[in-house]
Amino acid sequence: MKVAPSILSADFGRLDEEIKAICDGGCDYIHVDVMDGHFVPNMTIGPVVVKSVAKVATKPLDVHLMVENNTFFVELFAPLKPEFISFHIESEKHPHRLIQKIRSYGIKPAIVLNPHTTPQTIEYILDDVDMVLLMSVNPGFGGQKFIPSVIEKARKLKSMINKRGLNTLIEVDGGVNDKNVKELANAGVDIVVAGNFVFSNPSYKDAISSLK
Ligand code: DX5
Ligand code: ZN
């Protein structure tokens with residue numbers, strides 16, 4: 001299992017130390033939650049702060065957009081060269097076009113599904129993305145309770161991916177901990193995002209290892 005700690009739960013007063021600690025603690029990606037106060041009822045960080053994160057990071061960035069104007073935010077974050085930019089299918093009228101745009105920057109495009117959204121909605125764009133991110137909470141805040149229906153959804157999605165012989169990654173985000181991670185792995189999940197679970201542990205390294 002690959003682990004992407006969400007810096008939403010980090011101490012922003014000492015962000016550089018927090019980033020170094022998760023990188024030294026063996027994380028695979030740094031999950032960056034971008035919220036606009038419109039698509040979700042919260043606001044987080046923009047490219048200025050993420051640029052400082054990128055400077056100290058020794059692991060690739062995984063940018064999760066929770067915004068209404070996806071194109072605007074893709075253009076803002078693309079110069080920071082994250083590994084992935086993911087956007088919500090629920091907030092985009094032209095997902096296929098946006099996927100091509102993200103790829104044109106040399107960045108891997110990923111699509112995000114809210115808890116109520118079925119994998120069938122992405123049937124005709126599944127071949128075009130590198131990763132599908134399944135939300136296991138309603139997006140907007142860290143520290144929420146895991147919604148278990150995501151496990152069955154991950155299984156369905158995995159079978160769609162296998163049937164087509166694709167290598168598309170499955171990521172799950174929200175309420176992940178050392179109790180539910182095993183079921184997620186069994187369902188075919190490749191990467192888990194973990195905010196509260198990692199940053200509330202006195203040792204980030206131990207928390208990351210227990211998820212792996
Ligand atoms: C929720 C975010 C998540 C969140 C995960 O909107 O997308 O990345 O920070 O945090 P935990 O692991 O605390 O649920
Ligand atoms: Zn996220």
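Note that ligands are numbered from 1 as they come in the structure, with each ligand's atoms numbered from 1 the same way.
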Proximal atoms of ligand 1 relative to [X] (non-hydrogen, under 4.0 Å):
X	result
G143	11 (P), 13 (O), 14 (O)
G174	14 (O)
M35	6 (O)
V193	8 (O)
H31	8 (O)
M66	6 (O), 7 (O)
P139	6 (O)
H64	7 (O)

> How open is the angle at the Zn ion (ligand 2) from atom OD2 of D173 over to atom NE2 of H31, rounded to 10 degrees?
Replying inline: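 It comes to 100°.
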> Does the salt bridge (Lys or Arg N to Asp or Glu O under 4.0 Å) test come out yes or no for E75 and K101, once each step is laid out?
Replying inline: CA-CA 9 Å; E75 283 165 2; K101 186 177 182 76; 2.9 Å; yes
Decide whether an N or O pair under 3.5 Å exists between [X] and ligand 1.
X	result
N138	no
V176	no
G140	yes

> Would you call K212-D28 a salt bridge at under 4.0 Å N-O?
Replying inline: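 So K212 pairs with D28 through a salt bridge.
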> Is a salt bridge present between D16 and K55, judged by a nitrogen-to-oxygen distance below 4.0 Å?
Replying inline: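 No, D16 and K55 are not salt-bridged.
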> Would you say F197 touches ligand 1, if touching means a heavy atom closer than 4.0 Å?
Replying inline: no
>> Run R103 and D130 through salt bridge (Lys or Arg N to Asp or Glu O under 4.0 Å) and show every step you take.
In response: CA-CA 10 Å; R103 206 176 281 293; D130 284 67; 2.6 Å; yes
>> Minimum distance, heavy atoms only, to atom 14 (O) of ligand 1: which one of A4, G195, G175 is it?
In response: G175
> For atom 2 (C) of ligand 1, which candidate among N42, L133, D33 provides the closest heavy atom?
Replying inline: D33
> Are K59 and Y29 in a cation-pi contact, defined as NZ or CZ under 6.0 Å from the six-membered ring centre and within 45° of the axis?
Replying inline: no
> How does S6 reach ligand 1, if at all, at less than 4.0 Å between non-hydrogen atoms: by side chain, backbone, both, or neither?
Replying inline: side chain
>> Is it true that D173 and S6 share a donor-acceptor pair across their side chains at a distance under 3.5 Å?
In response: no
> Do the side-chain N and O atoms of D33 and H31 include a donor-acceptor pair separated by under 3.5 angstrom?
Replying inline: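 Yes, side-chain donor-acceptor contact under 3.5 Å.
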> If every non-hydrogen atom of I7 is compared with every non-hydrogen atom of F199, which pair is closest and at what distance?
Replying inline: CA-CE1, 4.2 Å
> With respect to the Zn ion (ligand 2), what is the nearest N, O or S atom of H64?
Replying inline: ND1
> Quick one: does I107's side chain get under 4.5 Å of F77's, heavy atoms only?
Replying inline: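 The answer is no, as the side chains (C-beta and beyond) never meet within the 4.5 Å cut-off.
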